[in-house]
Trainee: 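Handing you a structure now.
Note on naming: letters A, B, ... go to the chains in the order of the sequence lines (proteins, then strands), and numbering restarts at 1 for each one.
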Amino acid sequence: MSSVRAEFPIFSRTSRGKPLTYLDSGATTQKPQVVIDAELGFYEGWNANIHRGVYEFSERATMAYDGTRDTVAEFLGGVRADEIVFVRGTTEAINLVAHSYLKPKMTPGATVLVTEMEHHANIIPWQLVGATLKAIPVTDAGELDLQAAERMLGEGPLLLAVTHVSNTLGTINPIAELAAMAKRHGVPVLVDGAQAVGHFPVDLTTLGVDFYCFSGHKLFGPTGVGVLWGRHELLEAMPPFQGGGDMIDRVTFERSTFAASPQRFEAGTPNIAGVIGLDAAIRWLSAQDRPALERLDAELLAAGYEMLEQVPGLRFIARPASQVGVLTFTMDGAHPHDIASILDSEGVCIRAGHHCTQPLHARFGVPASARASFGPYTTEQDLLTLTRGLLKVRELFG
Amino acid sequence: MSSVRAEFPIFSRTSRGKPLTYLDSGATTQKPQVVIDAELGFYEGWNANIHRGVYEFSERATMAYDGTRDTVAEFLGGVRADEIVFVRGTTEAINLVAHSYLKPKMTPGATVLVTEMEHHANIIPWQLVGATLKAIPVTDAGELDLQAAERMLGEGPLLLAVTHVSNTLGTINPIAELAAMAKRHGVPVLVDGAQAVGHFPVDLTTLGVDFYCFSGHKLFGPTGVGVLWGRHELLEAMPPFQGGGDMIDRVTFERSTFAASPQRFEAGTPNIAGVIGLDAAIRWLSAQDRPALERLDAELLAAGYEMLEQVPGLRFIARPASQVGVLTFTMDGAHPHDIASILDSEGVCIRAGHHCTQPLHARFGVPASARASFGPYTTEQDLLTLTRGLLKVRELFG
Amino acid sequence: MATMDEMYQTLIIEHDRSPRNFKALEAPTHHAEGRNPLCGDEVSLDLRLDADGRIAEVGFQGQGCAVSKASASMMTTAIQGKTVDEAMALFDSFHAMLTGKTADKEILGKLKAFEGLAVYPMRVKCATMAWHVLKESLGASRES
Amino acid sequence: MATMDEMYQTLIIEHDRSPRNFKALEAPTHHAEGRNPLCGDEVSLDLRLDADGRIAEVGFQGQGCAVSKASASMMTTAIQGKTVDEAMALFDSFHAMLTGKTADKEILGKLKAFEGLAVYPMRVKCATMAWHVLKESLGASRES
Ligand SMILES: Cc1ncc(COP(=O)(O)O)c(C=O)c1O
Ligand SMILES: Cc1ncc(COP(=O)(O)O)c(C=O)c1O
């Protein structure tokens with residue numbers, strides 16, 4: 001039994017009357033008590049709006065909100081706190097960069113280089129601002145074709161937008177290597193860290209990228225909050241994304257001027273409680289033995305592959321050499337939704353569908369797949385229950 | 001003592017060691033226990049991502065999230081549930097309309113008609129998409145000049161964007177009348193309801209407007225969640241705002257197609273816990289005796305005016321005939337920030353500054369003001385404490 | 001009321017394996033297609049109405065989960081020989097049953113087997129998709 | 001350490017009412033302006049350095065809260081006759097004191113009166129604004 005599991009109150013609950021077997025951390029992670037308590041404590045004890053109040057609660061809320069920039073900056077390896085922009089999540093972060101960074105540079109036919117394994121959040125925003133997409137191919141093993149990457153970086157894209165970890169395959173992409181390549185070609189790099197930050201430490205002072213983003217809810221934090229990190233010079237040169245309170249300097253009906261970054265990108269009342277919860281989540285994670293969590297993830301992954309290989313008719317979409325704890329598969333004769341429903345009746349929570357990666361599914365020739373994804377609270381028992389459930393699916397559909 | 005006050009746990013706390021006198025509900029409202037418990041219950045009991053999971057918690061989260069559209073639709077007088085778009089707050093709602101509704105219609109020199117009392121959130125978004133702003137003047141009493149409005153509506157603006165209630169003066173604008181005028185001139189109407197929905201019922205089936213928006217955190221709900229309501233025909237015709245998961249139909253690198261509204265406007269994982277909290281907040285408010293709350297607000301306002309008139313050197317910015325519980329003033333010789341700091345030392349929370357209405361402050365010739373704003377938990381004792389604090393300010397600065 | 005398991009064990013898998021009327025019609029009078037973008041289910045439906053306005057022949061094709069396929073298969077047998085109004089009444093009852101509303105279960109016959117799905121709202125879309133396509137195919141033609 | 005009340009009661013209000021060196025200089029060698037967009041405070045600062053690089057004369061103007069005005073007023077008397085480096089050292093200590101860091105309070109003299117503000121971080125900006133403007137005026141000139 002994982003030692004952190006006891007800190008997550010949800011595991012005392014049942015699902016469909018069975019003990020909870022939660023294998024959908026790729027969609028959203030569970031929350032440790034300290035995160036829940038942080039939000040609760042704010043609302044019950046010192047709830048106030050930020051930035052313009054001088055009274056005690058507003059002051060405390062402001063310090064907590066802006067202080068979370070320090071927490072995040074340190075978590076990301078020690079970047080500048082004023083490079084941290086709070087957003088709703090990864091999706092909004094990428095939309096912000098598409099709108100405020102890429103769009104002013106757009107010319108007809110300009111391209112953004114993505115990869116075949118991107119989440120829709122790292123595809124659609126570029127299309128919405130008019131970019132043509134080129135995609136680095138994914139090999140049968142579920143890895144990026146780095147030779148193709150090198151060649152395609154040479155074709156003059158405005159940006160390389162790549163995921164750190166595939167949400168469907170678990171692949172850990174060689175970001176430092178890609179960033180070095182991109183640098184040789186003078187191509188700036190945005191990294192979608194949604195699936196990375198919860199699994200291993202990320203150091204942006206050495207990674208060599210220009211933008212990085214992630215979601216709080218996949219990092220044991222609340223929904224509705226996320227982070228965009230951008231290099232100071234880039235953020236400073238970007239026009240606002242949304243307009244409203246707190247991002248202004250002077251406002252007149254003729255013309256308005258704007259605050260410096262990161263404030264310029266945070267229009268209106270933000271998700272204050274969410275940011276406070278994110279702070280608690282990052283502090284919680286940072287206090288863990290992270291190498292031990294990584295080892296646990298790798299061990300469970302190896303065990304999971306072994307167990308699931310025993311299920312007749314089950315096929316893994318791919319099996320990358322370096323990956324986080326995600327098992328994604330199809331089963332002959334059983335649609336992923338049916339698999340998920342039958343597992344559900346056993347209290348097993350997995351995800352079925354395209355996982356917001358339609359192009360990757362097209363690449364592997366399947367319309368949908370079933371995905372079991374791990375968190376630090378995942379146990380071998382969870383994988384045994386999953387396997388037993390899959391054998392039952394097999395029995396029904398076999 | 002207001003009967004609802006006991007439902008708000010924060011009032012058992014102190015501020016600077018004094019009993020809490022919270023008079024900043026215009027900035028954000030306090031949260032009743034049921035709202036806090038709703039978020040807590042979700043995180044502790046059935047936290048999951050929505051829309052793509054078939055397992056119990058995801059199903060429950062999805063039903064709760066989408067079910068909140070019904071709650072909101074009913075709260076707004078019985079509009080269609082699929083006209084409810086969840087956003088971060090009023091600010092994002094207006095940015096969404098600016099981007100997806102107004103921008104495709106923009107031509108050089110095209111104008112948006114606003115008013116001199118708008119919050120920056122209802123000014124900057126229109127400027128960011130290139131609109132020229134015209135502003136309906138505000139009279140010395142703090143009311144809209146309706147004759148000017150009629151004339152300016154005739155000048156062919158693309159949109160009338162007007163606040164329902166002024167966050168600085170409390171003025172309740174005659175929206176139905178303005179909407180009827182706008183209709184005669186063929187001008188669509190967006191209403192910023194941020195300060196209205198917490199004070200009185202709003203019926204969008206009779207108001208005659210096209211877009212309406214508000215923030216959860218000013219409605220006894222969580223931060224990071226708000227609502228855009230738009231007429232179905234308008235929403236259906238609008239292109240997406242942000243791109244990502246959950247707003248798509250088919251995605252390829254060449255071309256993507258999008259879901260119907262409201263999903264089309266909700267890219268990425270939303271603030272699920274926030275929406276669940278908003279549901280609880282609206283149910284809480286709807287269960288109150290709303291006419292009684294309105295009467296209480298009016299009585300306290302009258303009492304507040306009377307008390308504050310006794311403070312030498314205090315001047316109200318304006319005194320509109322029809323307003324919600326907000327007292328906004330300056331004091332000879334004492335800057336609003338100093339007023340707020342001295343009140344703070346007495347446990348009194350008010351706001352000092354321009355309240356995100358720089359143009360309105362320019363109109364009244366003051367750079368800043370002090371604002372005490374009420375909620376349903378406000379008591380006469382709060383106003384007595386405020387008055388006592390202001391007399392102390394007077395003593396110091398007199 | 002059957003659990004999800006029992007539903008699978010009994011009719012769903014049987015209809016998934018051997019769907020009835022799984023074919024395109026040679027001379028359909030009505031046709032429509034539907035898709036559930038979240039799970040990728042697709043249904044294509046052909047109908048032939050006779051001179052009396054009765055559904056003389058029906059065929060479906062598509063891909064998707066067992067629930068959607070079984071539901072489409074059972075729908076084709078259930079509506080055969082019915083008038084358009086009777087088919088729509090059947091859909092109304094079926095839909096009501098699955099969304100937990102009071103439904104005329106008498107007329108549902110074998111379709112009652114899906115009743116247990118009402119407590120799995122995420123799967124209800126799968127069970128009703130073929131019916132929505134049916135409605136669209138008939139509705140569209142009625143207007144033309 | 002003085003509470004906010006006591007700070008107001010003693011020096012803040014006195015300097016707000018009768019600010020020292022509240023004037024523009026005739027022949028400033030340095031000038032800068034600053035503004036706090038959140039509260040509308042504005043400060044404009046003139047300096048005249050003598051041949052030795054000492055601050056021979058200083059004047060400020062502006063509008064804002066009593067804290068910012070009092071701080072500007074006290075700053076002008078504190079830096080008079082100091083070298084640029086001495087003035088900057090004073091700012092460093094002042095800033096350290098207000099942000100709760102260990103500060104060389106010895107050299108602060110009367111400026112120590114603001115110490116209590118450290119527990120009111122929202123007002124610290126008001127107290128440091130004039131100093132930031134001072135730094136900007138000197139920094140800018142040093143580079144030219
Ligand atoms: C009238 C008005 N409009 C818009 C807003 C912006 O709301 P939010 O900051 O929640 O986006 C506010 C709140 O400050 C407001 O009072
Ligand atoms: C790799 C990846 N990118 C982006 C996202 C989008 O994150 P969010 O929905 O929190 O905005 C996700 C989550 O689904 C993801 O897994």
Trainee: Contact part of B:S58 toward chain A, heavy-atom cut-off under 4.5 Å: side chain, backbone, both or neither?
Mentor: side chain
Trainee: Checking B:V114 against chain A: side chain, backbone, both or neither under 4.5 Å from a heavy atom?
Mentor: side chain
Trainee: In terms of heavy-atom pairs under 4.5 Å with chain B, which of A:W126, A:F258, A:F57 leads?
Mentor: A:F57
Trainee: Between A:T21 and chain B, which part of the residue has a heavy atom less than 4.5 Å away: side chain, backbone, both or neither?
Mentor: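 Neither part; nothing is under 4.5 Å.
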Trainee: Do you know which of B:E116, B:E118, B:K218 has the most heavy-atom pairs with chain A at a distance under 4.5 angstrom?
Mentor: B:E116
Trainee: Parallel, tilted or perpendicular: which fits the ring planes of A:F42 and A:W46, with parallel below 30° and perpendicular above 60°?
Mentor: perpendicular
Trainee: Heavy-atom cut-off 4.5 Å, strictly under: side chain, backbone, both or neither for A:I123 against chain B?
Mentor: side chain
Trainee: Among B:T29, B:T28, B:T223, B:T90, whose side-chain hydrogen bond (donor to acceptor under 3.5 Å, both in side chains) with B:H217 holds?
Mentor: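 Checked B:T29, B:T28, B:T223, B:T90 against B:H217; only one passes side-chain hydrogen bond (donor to acceptor under 3.5 Å, both in side chains): B:T28.
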Trainee: Determine whether B:S341 and A:V54 make a side-chain contact, defined as any pair of heavy atoms from C-beta on separated by less than 4.5 Å.
Mentor: yes
Trainee: I'd like to know if A:E266 pairs up with B:R88 as an ion pair, taking the criterion as any Lys NZ or Arg NE/NH1/NH2 lying under 4.0 Å from an Asp or Glu carboxylate oxygen.
Mentor: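 Answer for the salt bridge query: no.
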Trainee: Of the backbone (N, CA, C, O) and the side chain (C-beta and beyond), which part of B:Q127 lies under 4.5 Å from a heavy atom of chain A, both, or neither?
Mentor: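 Interface part for B:Q127: side chain.
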Trainee: Answer with side chain, backbone, both or neither: which region of A:N49 has an atom nearer than 4.5 Å to a non-hydrogen atom of chain B?
Mentor: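 Both the backbone and the side chain of A:N49 come within 4.5 Å of chain B.
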Trainee: Restricting to non-hydrogen atoms, name the atom on A:A64 and the atom on A:I276 that form the minimum distance, rounded to 0.1 Å.
Mentor: CB-CG1, 4.0 Å
Trainee: Does a side-chain heavy-atom distance below 4.5 Å link B:H120 with B:H354?
Mentor: yes
Trainee: Side chain from CB out, backbone as N, CA, C, O: work out which of these in B:F8 comes under 4.5 Å of a heavy atom of chain A, or both, or neither.
Mentor: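 Neither the backbone nor the side chain of B:F8 comes within 4.5 Å of chain A.
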Trainee: Would you call A:Y22 and A:I10 a side-chain contact if the rule is heavy atoms closer than 4.5 Å?
Mentor: no
Trainee: Is B:V112 close to chain A through its backbone or its side chain, or both, or neither, when contacts mean heavy atoms under 4.5 Å?
Mentor: neither
Trainee: If I measure from the heavy atoms of chain B, does A:V87 come under 4.5 Å with its side chain, its backbone, both, or neither?
Mentor: backbone
Trainee: Is B:F241 in contact with chain A via its backbone, its side chain, both, or neither, using a 4.5 Å heavy-atom distance?
Mentor: both
Trainee: Is the distance between the ring centroids of B:Y65 and B:F86 under 6.0 Å?
Mentor: yes
Trainee: What is the distance from atom NE2 of B:H51 to atom OG1 of B:T269, rounded to the nearest 0.5 Å?
Mentor: 10.5 Å
Trainee: Under 4.5 Å, counting heavy-atom pairs only, tell me which of B:A362, B:G224, B:G243 racks up the most with chain A.
Mentor: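 Ranked by heavy-atom pairs under 4.5 Å with chain A, first place is B:G243.
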Trainee: Is chain A contacted by the side chain of B:I350, its backbone, both, or neither, given a heavy-atom distance below 4.5 Å?
Mentor: backbone
Trainee: Looking at every non-hydrogen atom in both residues, tell me the closest pair between B:I342 and B:S345 and how far apart they are.
Mentor: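 Result for this residue pair: O-OG, 2.6 Å.
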Trainee: Given heavy-atom pairs under 4.5 angstrom as the criterion, report whether the side chain, backbone, both or neither of B:N271 touches chain A.
Mentor: both
Trainee: Quickly, which of A:S369, A:S373, A:P336 forms a side chain to side chain contact (heavy atoms under 4.5 Å, CB included) with A:H355? Name it, please.
Mentor: A:S369
Trainee: So for B:R60, is it side chain, backbone, both, or neither that comes closer than 4.5 Å to the heavy atoms of chain A?
Mentor: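 Neither part; nothing is under 4.5 Å.
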Trainee: Checking B:P270 against chain A: side chain, backbone, both or neither under 4.5 Å from a heavy atom?
Mentor: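 For B:P270, the contact with chain A is made by the backbone alone.
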Trainee: Identify which part of A:L128 has an atom lying under 4.5 Å from any heavy atom of chain B, answering side chain, backbone, both or neither.
Mentor: side chain
Trainee: Would you mind checking which part of B:S25 comes under 4.5 Å of any heavy atom in chain A, side chain (CB onward), backbone (N, CA, C, O), both or neither?
Mentor: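 Neither the backbone nor the side chain of B:S25 comes within 4.5 Å of chain A.
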Trainee: Looking at B:R16 and A:E59, does any basic side-chain N land under 4.0 Å from a carboxylate oxygen?
Mentor: yes
Trainee: Counting only heavy atoms closer than 4.5 Å, note whether B:L20 contacts chain A via side chain, backbone, both or neither.
Mentor: side chain
Trainee: Below 4.5 Å, heavy atoms only, C-beta onward: do A:H361 and A:T357 meet side chain to side chain?
Mentor: yes
Trainee: Tell me, side chain or backbone of B:E39 under 4.5 Å from chain A's heavy atoms, or both, or neither?
Mentor: side chain
Trainee: Check whether B:S215 gets within reach of chain A through its side chain, its backbone, both or neither, counting any heavy atom under 4.5 Å.
Mentor: neither
